[in-house]
Each structure stands twice: as C-alpha cells, then as structure tokens.
Amino acid sequence: MSATSTANLLAGRRILVTGSARGLGLAFVTAIAEAGAMVAMADILQEQLGQAVAALKARGLKVEGFALDLGDPQSVQACADGALAWMGGLDGLVNNAAITNSGGKTSEQLEIAMWDRVMDVNVRGTWLMTNACLPALRASGRGAVVNLSSDTPLWGAPNLLAYVASKSAVIGMTRSLARELGGDNITVNAVAPGLTLVEATQYVPQARHQTYFDRRAIQRDQLPEDVCGAVLFALSDMARFFTGQVMAVNGGFVFN
C-alpha cells in the first residue's frame with residue numbers, strides 16, 4: 001500500500017508498536033503514522049530508537065519513543081503506562097518485538113538458558129504487553145491487537161527450534177485471545193512474515209535466503225514494506241469482523 005492510498009486509513013487512531021527502532025517494526029510505524037495515526041514506538045535499542053523517532057518527527061509524523069525490555073515485566077508495564085499517558089488512550093497494539101537468538105543450532109545443541117530467554121521475550125513478553133494494554137483497548141471500543149508471528153511454524157523451519165516454538169505459541173495466543181476478547185469488541189490477529197531483508201535476518205545463511213527465493217510463488221526478495229499492508233488492514237475498520245486469523249505474508253512460500 002502506498003502512503004497516498006492509506007493517507008486517512010487510521011486517522012485519529014492511537015497505536016503502540018513494540019520493537020520499532022529498526023526493521024519491520026520501523027516500517028510498520030512509518031506506514032501507520034503515514035496513515036494518520038499517533039504512534040508510540042517502543043524498543044530496547046535506545047540509541048536507534050531515538051534516531052528513528054527524530055527522523056519521523058522531522059517529517060511531521062506524530063510519534064514518540066519509549067524504553068522497553070520485554071524480558072522485564074516492570075519495563076513492560078512502565079512502557080505501556082507511558083505510551084498510554086502520551087497518547088491519551090489506545091486503539092491498537094502491534095506486538096512486533098522478538099528475538100531469534102537460537103538460529104543455527106539443533107534441538108540437542110540448544111541451551112536451556114537460550115530457550116528460556118526466547119520464551120520470556122517472544123511469548124511471555126507478548127502476553128504481558130497485551131495485558132497491560134487491555135483496559136485502554138476495551139475503553140477504545142474498537143481495539144485491535146496485531147501479533148507478529150512468522151511463517152517458520154507453518155513449514156517447520158529446522159535448526160531454529162526455540163524461535164519456531166515461540167512463534168507457534170504466538171499463533172495459539174492469538175486464537176485464544178480472539179475468543180476471550182471478542183465480547184469487548186477487540187480483534188486479535190497474527191501476521192506471519194516470511195524471511196524479510198532486515199537487520200535481524202542478516203545472520204541467516206545465504207542458502208536459507210535462496211530456499212525462500214526459489215520456492216516463493218512471487219520470486220523476489222521480501223522487503224519490510226511487503227508486510228505493512230496486512231498490519232494496516234488488521235488495525236483498520238476494514239477488519240472489524242476479522243479476528244483470530246493468521247495472515248501469512250511470504251510471497252507464496254507457504255500457503256496458510
């Protein structure tokens with residue numbers, strides 16, 4: 001979606017995006033702000049977050065940055081409280097922040113400490129951030145939660161077990177929360193990107209990149225902008241009767 005075609009899609013909305021200092025998160029923030037929303041940007045990477053906020057503000061977009069460590073429950077609550085105070089409420093939450101540190105190791109090589117860290121950030125952190133935002137999302141009357149999963153659980157990516165398991169859990173949480181929160185007029189959906197060209201995927205072996213390229217129905221590299229349309233849709237009024245769904249955005253590498 002272009003900025004022109006989505007200029008007023010989210011006008012007046014207040015959105016919190018985690019993991020938004022760079023990569024997919026920054027692309028989401030840019031698209032959401034260009035669509036007319038006020039956006040709270042949250043990340044553990046404080047220097048990069050400050051630079052991103054300054055650059056977007058220089059363009060006249062309504063954004064502000066907040067510190068967030070998803071592995072620390074107190075940090076999660078403080079981030080949510082600060083963002084909600086700045087925006088005066090909340091209409092949408094994009095749970096994008098995650099870590100992928102288990103890459104390249106087999107199940108037998110994976111350390112317990114790494115498994116626990118990935119689960120603490122990707123699963124528990126997503127749950128805690130959602131809980132911290134629920135009162136404001138209920139008060140909105142049109143709340144939307146968008147959880148970033150991955151297409152790796154949809155095809156069973158090898159040598160990435162902790163990350164794949166965590167992103168499978170995000171899909172399960174999405175479906176369960178959609179049932180719990182439908183009565184509050186809150187939608188909960190997941191977006192499952194394929195391998196995208198961002199800083200976080202630079203460690204991925206070239207052979208894995210080539211596998212994605214060769215097996216996609218649309219044979220080209222996946223860019224952050226390719227995922228933005230699904231996130232914008234899930235946050236918008238177009239998706240008010242759309243919940244509990246997993247949108248695989250991967251150029252046809254996996255059909256869901």
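Positions are given from 1 along the sequence.
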Exercise. SG/Cys79 to CG/Leu16 distance, rounded to the nearest 0.5 angstrom?
Worked result: 5.5 Å
Scan the side chains in residues 82-92 for donor-acceptor partners under 3.5 Å anywhere in the protein, sequence neighbours excluded, and list what turns up.
{"from": "Asp91", "atom 1": "OD1", "to": "Arg14", "atom 2": "NH2", "distance (Å)": "3.1"}
{"from": "Asp91", "atom 1": "OD1", "to": "Ser140", "atom 2": "OG", "distance (Å)": "2.6"}
{"from": "Asp91", "atom 1": "OD2", "to": "Arg14", "atom 2": "N", "distance (Å)": "2.9"}
{"from": "Asp91", "atom 1": "OD2", "to": "Arg14", "atom 2": "NE", "distance (Å)": "3.0"}

Problem set entry | Gap between atom CE of Met38 and atom CG of Leu61 - 0.5 Å precision | 12.5 Å
Problem set entry | N/O donor-acceptor pair under 3.5 Å between Ser149 side chain and Lys167 backbone | yes
For this session: Please list, chain by chain and in numerical order, all residues satisfying side chain to side chain contact (heavy atoms under 4.5 Å, CB included) with Gln74, sequence neighbours excluded.
Result: Asp72
Exercise. Any side-chain heavy-atom pair from Leu56 and Leu26 closer than 4.5 angstrom?
Worked result: yes
Exercise. Nearest heavy-atom pair of Pro193 and Gln222: which atoms, and what distance?
Worked result: CB-NE2, 3.9 Å
For this session: Can you sort out the partners of Asp43 under side chain to side chain donor-acceptor pair (under 3.5 Å), two or more places apart, ordered by chain and number?
Result: none
Exercise. Got a sec, which pairs hit salt bridge (Lys or Arg N to Asp or Glu O under 4.0 Å) with one end in residues 173-197, sequence neighbours left out?
Worked result: Arg138-Asp184
Exercise. Can you check whether Asn159's main-chain N or O pairs, donor with acceptor, with Gln109's side chain at less than 3.5 Å?
Worked result: no
Problem set entry | Pairs where residues 52-66 contributes a residue and the test side chain to side chain donor-acceptor pair (under 3.5 Å) is met, not counting sequence neighbours | Glu34-Arg59, Lys57-Glu64
Exercise. Between the main-chain N or O of Met173 and the side-chain N or O of Asn147, is there a donor-acceptor pair closer than 3.5 Å?
Worked result: no
Seminar exercise, completed: Joining Ile, Leu, Val, Met, Phe, Trp and Tyr whenever any side-chain heavy atoms lie under 4.5 Å apart, the cluster holding Ile44 also takes in Leu45
Problem set entry | Set of residues satisfying ring pair (Phe, Tyr, Trp, His ring centres under 6.0 Å) with respect to Phe242, sequence neighbours excluded | Phe233
Problem set entry | Value rounded to 0.5 Å, distance of CH2 in Trp127 from CG in Leu177 | 11.0 Å
Problem set entry | Side-chain heavy atoms of Leu68 within contact of Val76, under 4.5 Å | yes
For this session: Group every Ile, Leu, Val, Met, Phe, Trp and Tyr by side-chain heavy-atom contacts under 4.5 Å, then state whether Val254 and Phe213 land in the same group.
Result: no
Exercise. Taking Asn122 for the side chain and Ile99 for the main chain, is one N or O donor matched with an acceptor at less than 3.5 Å?
Worked result: yes
Problem set entry | Between OG on residue Ser236 and CD1 on residue Ile32, distance to nearest 0.5 Å | 11.0 Å
Exercise. Would you call Leu181 and Leu134 a side-chain contact if the rule is heavy atoms closer than 4.5 Å?
Worked result: yes
For this session: Using modelled atom types only, decide if a donor and an acceptor are shared between the side chain of Arg124 and the backbone of Met119 within a distance under 3.5 Å.
Result: no
For this session: Taking all non-hydrogen atoms of both residues into account, name the closest pair between Pro153 and Ser168 and its distance.
Result: CB-OG, 3.1 Å
Exercise. Got Phe28 and Val227 here, is their nearest side-chain heavy-atom distance under 4.5 Å?
Worked result: yes
For this session: Applying side chain to side chain donor-acceptor pair (under 3.5 Å), name anything that partners Asn96, two or more places apart in sequence or on another chain.
Result: none
Seminar exercise, completed: Residues passing the salt bridge (charged side-chain N to carboxylate O under 4.0 Å, His left out) test with Asp237, sequence neighbours excluded, are Arg13
Problem set entry | Residues forming a side chain to side chain contact (heavy atoms under 4.5 Å, CB included) with Ala169, sequence neighbours excluded | Val123
Exercise. Can you tell me if Thr18 uses its side chain to pair, donor with acceptor, with the backbone of Ala97 under 3.5 Å?
Worked result: yes
Exercise. Judged by modelled atom types alone, do Asp226 and Thr196 share a side-chain donor-acceptor pair under 3.5 Å?
Worked result: no
Problem set entry | side chain to side chain contact (heavy atoms under 4.5 Å, CB included) partners of Glu108, counting only residues at least two apart | Thr106
Exercise. So which residues get pulled into Leu223's cluster when ILVMFWY side chains under 4.5 Å apart are joined, directly or through others?
Worked result: Leu197
Exercise. Is any side-chain heavy atom of Arg208 less than 4.5 Å from a side-chain heavy atom of Pro158?
Worked result: yes
